[in-house]
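Reading through the structure tokens given below for one structure.
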Amino acid sequence: MPTVLVLNGPNLNLLGTREPQVYGARTLADVETLCRGAAAAHGWTLDFRQSNHEGMLIDWIHEAGRAHADGLVAGVVLNAGAYTHTSVALHDAMKAVAAPVIEVHLSNVHAREPFRHHSYLSPAAAGIVVGFGADGYALAIDGLARRTQTETTTP
Ligand code: DQA
């Protein structure tokens with residue numbers, strides 16, 4: 001059964017208590033439960049991870065690339081947190097693998113401070129989901145499934 005890998009970057013371990021007026025009341029464990037349901041609806045298993053370290057996220061994207069090449073991983077859902085706005089290295093990692101990566105943000109970054117308006121990841125992303133709170137993760141998994149289905153059924 002293929003896996004969807006959901007990667008969370010810095011400070012997302014604090015969801016639930018971190019600026020709830022911006023990021024909502026749901027904890028990262030709640031988001032994981034939501035993702036597990038969305039993945040199961042498509043017959044996928046879920047691999048859900050969080051790290052505060054840029055290099056760890058890069059290693060995980062490389063790992064996803066290898067697993068995707070082996071047919072084990074359908075794709076990646078990535079909320080890179082603030083690294084979105086700073087990391088050329090994450091951009092390069094996404095470009096280096098064939099696994100589709102969907103960029104997710106809980107908040108509508110475009111309605112916030114100007115420094116959040118630019119994403120180094122968007123040009124390398126297969127799709128982007130922004131501003132739907134925790135539900136955005138489920139939307140990203142659904143989008144990944146539709147994309148995968150189209151790829152395999154469209155001549
Ligand atoms: C975020 C938006 C980023 O700007 C911020 O640094 C985060 C969370 C979001 O999910 O809305 O840590 O990625």
Side-chain angles (χ1 to χ4, degrees), residues 3-42 44-65 67-68 73-148:
T3 294
V4 57
L5 185 59
V6 178
L7 302 181
N8 295 279
N11 301 309
L12 291 165
N13 53 312
L14 300 180
L15 275 187
T17 56
R18 175 194 182 197
E19 298 183 86
Q21 71 284 4
V22 176
Y23 297 115
R26 283 188 269 191
T27 65
L28 196 61
D30 295 333
V31 176
E32 180 170 0
T33 301
L34 184 80
C35 288
R36 201 167 297 288
H42 300 292
W44 289 342
T45 57
L46 178 75
D47 189 341
F48 190 92
R49 306 180 189 181
Q50 189 273 333
S51 175
N52 292 321
H53 305 279
E54 187 177 11
M56 182 59 80
L57 295 168
I58 291 167
D59 286 346
W60 286 341
I61 289 170
H62 295 175
E63 182 187 331
H68 179 261
V73 157
V76 179
V77 172
L78 172 65
N79 184 350
Y83 290 139
T84 305
H85 317 298
T86 63
S87 182
V88 176
L90 267 173
H91 168 104
D92 287 349
M94 288 163 69
K95 292 288 270 194
V97 300
V101 180
I102 312 292
E103 176 184 350
V104 170
H105 300 287
L106 296 144
S107 63
N108 177 1
V109 285
H110 300 289
R112 300 181 62 195
E113 305 97 319
F115 65 83
R116 295 185 204 276
H117 296 180
H118 179 260
S119 166
Y120 280 101
L121 311 188
S122 296
I128 307 164
V129 180
V130 167
F132 288 94
D135 291 337
Y137 283 75
L139 294 171
I141 291 171
D142 289 349
L144 198 56
R146 292 175 80 99
R147 188 182 187 281
T148 308

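Whatever order the structure lists ligands and atoms in, that order sets their numbers, starting from 1.
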- Query: Which is it for His42 and Thr148 under the side chain to side chain contact (heavy atoms under 4.5 Å, CB included) test, yes or no, and what are the steps along the way?
  - Reply: CA-CA 11 Å; His42 300 292; Thr148 308; over 6 Å; no
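- Of the candidates Val129, Val31, Leu34, Leu106, Leu34 is the only one forming a side-chain contact (heavy atoms from CB on, under 4.5 Å) with Asp135.
- Ring orientation note: the planes of His117 and His110 are tilted relative to one another, at an angle of 30° to 60°.
- Considering Ile61, Val101, Asn79 as possible partners of Leu7, the one that fulfils the side-chain contact (heavy atoms from CB on, under 4.5 Å) test is Ile61.
- Residues Gly9 and Gln50 approach most closely at O-NE2, 3.1 Å, considering heavy atoms.
- Dense packing is recorded around CZ of Arg112, with more than 12 heavy atoms of other residues, nucleotides or ligands lying under 6.0 Å away.
- When heavy-atom distances to ligand 1 are checked against 4.0 Å, the residues falling inside are Arg18, Tyr23, Asn79, Gly81, Ala82, His85, His105, Leu106, Ser107, Val109, Arg116, ordered by chain and number.
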